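A short worksheet on the structure shown next.
Residues take their numbers from the sequence shown, with the count starting at 1. Worth knowing before you read on, the calculation uses all heavy atoms, side chains too, and leaves out hydrogens, waters and symmetry mates. Everything quoted here is computed from the prediction, not taken from an experiment.
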Amino acid sequence: MEELTVEVLRAWARTALAELARARTEIDELNVYPVPDGDTGTNLYLTWEAACDALPKGELTFTEAIQAFGRGALLGARGNSGVITSQLIRACGLRLDENLPRDRENGVLADPRMSEAAAFADALKYAADAAYGAVAQPVEGTMLTVARAAATGAMTAANDGKTLADVCLAAVASARQALTKTTEQLDVLRRAGVVDAGGAGLVVILGAMESVLTGRHVRVDVPARVEPQGESAESQDGPAYEVMYLLDAPDDKVGDFRQSLAGLGDSVVVVGGDGLWNVHVHTDDVGAVIEHGIDIGRPHRIRVTHFADQAHHHEPAPGRAVIAVVAGDGLADLYAEAGARVIRGGPGRRCSTGELLQAIEQSQAPEIVILPNDQDSIAVAEAAATAARQDGIRVAVIPTRAQVQGLAAIAVHDPERSFDDDVVHLSAAAGQTRHGAVTIATKDAWTMAGRCRIGDALGVVDGDFALITEELETAAVGVVDRLLGGGGELLTIVTGRDADPALAEAVERHVRRQRKDVDVVVYDGGQDRYPLLIGVE
């Protein structure tokens, strides 16, 4: 391919996500810098997944696609490597949009100031510079070094008049070469006998672009450990906490803010723009890091990680099982991927106490969390919990009344926490998720919203019928507006088995136009009866 289009972006997103999933564990095992917590591969995967999830389906202009992808990466960035990657994505996208202005009607170049190859190389250079600028104290031998090497290789190829695919090949080759040299550039890597984990992830991402542009599958093998030289990297000292948060703040305040954080810790990275920033720092003074954010703006989505608690977090912890009642094949996959055991239920298919008890027994876990995910299943779950407790099993029922509440709960599940703390976190996440849905009336009836007739579109808000309209789209938009009326940062849409894809796309467009502060994710749930399930966190 010799043209950068929305289709190329989508293909790159999918390919890179699959490759990061394949390489995730290997990259985790390389992770010794800046903290040997073994999660760089996981953080890169989650950051990229957030960017992919933010890329809307349906017709998009190139500008809309790269803006959504970059924003998704910014909002979903995890860890030091994820935050830097989000800056690379966002900056590269912004530069491409500047270099390749396209006609919004047909997507063709409206003002071809430079070739696609030159534009891509220039965007890589701009992104590398932006990533260096986002880090308070840049260190060589990291993914920053790899990013700059990729940009240099691409610029050299572009200046020689090479094609877009050849420019990408040059970028990947230069990045691979730079990655192998990181072991000797950074002492902690040399002592551990590894290349930089973040740099390895970046090579995987660039390799995915090479696959897309050349049409040949490019498998990037993550370099294995070599013979360590010197003291083990795990013995290094450093700050005890990782602090991350989103910050609403004026762009002109961020430069001084970034430098002030450098006095409170290390691994300081502040990325973003246009009033929204993602802040990352390793520190011993959590309160001061947050207070500095308050001084210039509004910190939110604050996440604090104690490194000592995370030392073995990537290893599965035995002893606790989450059992979820699900209403569709897609929902079953979502819960299973999050680590839950699933039982089919939902409208027209109620689960039984016996099914829950069987699932509890099969788990062989001494601690059980149940997510009933609809009003009628709560009583069934409580009955099963009572029976299981008689056998000495600790069981907690989180009173989730909707599938989207269960999704919010399972997202914060942490088997490393104590049972009681985990239950509190799951309960809080579910309780802070307002829920709604749309459906079609199957009979004439009186509802909380008035009389409905067969074929009417019905909007459900927090379990009650709140809207009666002629069109599902009108009902869905009405439900979303009511749910967001009380605030919210994340809108989750779960599509039903026979739902028209245009319905979710219309709702997503409405939210992106009216509420730019709200992140939107869409899942294929496959549930019956409800074309859309909707949640707001």
*Show your working on salt bridge (charged side-chain N to carboxylate O under 4.0 Å, His left out) between R90 and D274 and close with a plain yes or no.*
CA-CA 12 Å; R90 186 175 183 275; D274 298 326; 3.3 Å; yes

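- The nearest pair of heavy atoms linking I66 to G93 is CD1-O, 3.0 Å.
- No donor-acceptor pair closer than 3.5 Å links the side chain of R95 to the backbone N or O of Y126.
- Between the side chain of R24 and the main chain of Y45, no donor-acceptor pair closer than 3.5 Å is present.
- Listed by first and then second residue, the salt bridge (charged side-chain N to carboxylate O under 4.0 Å, His left out) pairs that reach into residues 165-181 come to none, sequence neighbours excluded.
- In this structure the side chain of R512 reaches within 4.5 angstrom of the side chain of P56, judged on heavy atoms.
- Contacts classified as salt bridge (charged side-chain N to carboxylate O under 4.0 Å, His left out) and involving residues 10-19 (residues at least two apart or in different chains) are given here: E19-R22.
- With R434 contributing its side chain and L483 its backbone, the two residues share a donor-acceptor pair below 3.5 Å.
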Donor-acceptor pairs under 3.5 Å, side chain of residues 134-150 to any protein atom, not counting sequence neighbours: which ones?
{"residue": "E140", "atom": "OE1", "partner": "Y132", "partner atom": "OH", "Å": "3.0"}
{"residue": "E140", "atom": "OE1", "partner": "T145", "partner atom": "OG1", "Å": "2.6"}
{"residue": "E140", "atom": "OE2", "partner": "Y132", "partner atom": "OH", "Å": "3.0"}
{"residue": "T142", "atom": "OG1", "partner": "V139", "partner atom": "O", "Å": "2.8"}
{"residue": "T142", "atom": "OG1", "partner": "L144", "partner atom": "N", "Å": "3.3"}
{"residue": "T145", "atom": "OG1", "partner": "G141", "partner atom": "N", "Å": "2.7"}
{"residue": "R148", "atom": "NH2", "partner": "D129", "partner atom": "OD1", "Å": "3.1"}

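- For W12 (side chain) and A208 (main-chain N/O), no donor-acceptor pair under 3.5 Å exists by modelled atom type.
- Pairing each heavy atom of W48 with each of I89, the nearest pair is CZ3-CD1, 3.4 Å.
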*Start with the C-alpha gap between V6 and T61, add the side-chain angles, then the distance that decides, and say whether side-chain contact (heavy atoms from CB on, under 4.5 Å) holds.*
CA-CA 7 Å; V6 175; T61 66; 6.0 Å; no

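- Applying the salt bridge (charged side-chain N to carboxylate O under 4.0 Å, His left out) test to residues at least two apart or on different chains, none of the pairs has a partner in residues 201-210.
- Side chain of D284 to backbone of P239: no donor-acceptor contact under 3.5 angstrom is found.
- Side-chain atoms of T433 come within 3.5 Å of backbone atoms of A429 as a donor-acceptor pair (strictly under, hydrogens ignored).
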Show which side-chain atoms of residues 290-298 pair as donor or acceptor with protein atoms under 3.5 Å away, not counting sequence neighbours.
{"residue": "H292", "atom": "ND1", "partner": "A288", "partner atom": "O", "Å": "3.0"}
{"residue": "R298", "atom": "NE", "partner": "D248", "partner atom": "OD2", "Å": "3.2"}
{"residue": "R298", "atom": "NH2", "partner": "D248", "partner atom": "OD2", "Å": "2.8"}

*Could you give me the CA-CA distance, side-chain angles and deciding distance for E3 and V8, then say whether side-chain contact (heavy atoms from CB on, under 4.5 Å) is met?*
CA-CA 8 Å; E3 186 177 352; V8 168; over 6 Å; no

Let me check something: any side-chain donor-acceptor pairs from residues 69-82 under 3.5 Å, sequence neighbours excluded? List them with distances.
{"residue": "R71", "atom": "NH2", "partner": "K516", "partner atom": "O", "Å": "2.6"}

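- Between the side chain of H280 and the backbone N or O of S267 there is at least one donor-acceptor pair closer than 3.5 Å.
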*Run the side-chain contact (heavy atoms from CB on, under 4.5 Å) check on V404 and I534 step by step: do they pass?*
CA-CA 7 Å; V404 290; I534 302 165; over 6 Å; no

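- In this structure, the side chains of H413 and D422 come closer than 4.5 Å at one or more pairs of heavy atoms.
- The two atoms that bring L179 and A200 nearest to each other are CD1-N, 3.4 Å, heavy atoms only.
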*What do the steps show when you test K125 against D122 for salt bridge (charged side-chain N to carboxylate O under 4.0 Å, His left out), and what is the final call?*
CA-CA 5 Å; K125 180 180 183 302; D122 179 69; over 6 Å; no

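- The shortest non-hydrogen separation linking T15 to S211 is CG2-CB, 4.4 Å.
- Across A121 and V167, no two heavy atoms sit closer than the pair CB-CG1, 4.1 Å.
- At distances below 3.5 Å, at least one donor-acceptor pair connects side-chain atoms of Y245 with backbone N or O atoms of V289.
- No side-chain donor-acceptor contact under 3.5 Å links H510 to the backbone of A506.
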_side-chain contact (heavy atoms from CB on, under 4.5 Å) between W277 and D251, intermediate numbers included_ = CA-CA 9 Å; W277 303 86; D251 293 11; 3.4 Å; yes

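- When all heavy atoms of V269 and V271 are compared, the pair lying nearest together is CG1-CG1, 3.6 Å.
- Between the side chain of T495 and the main chain of Y523, a donor-acceptor pair closer than 3.5 Å is present.
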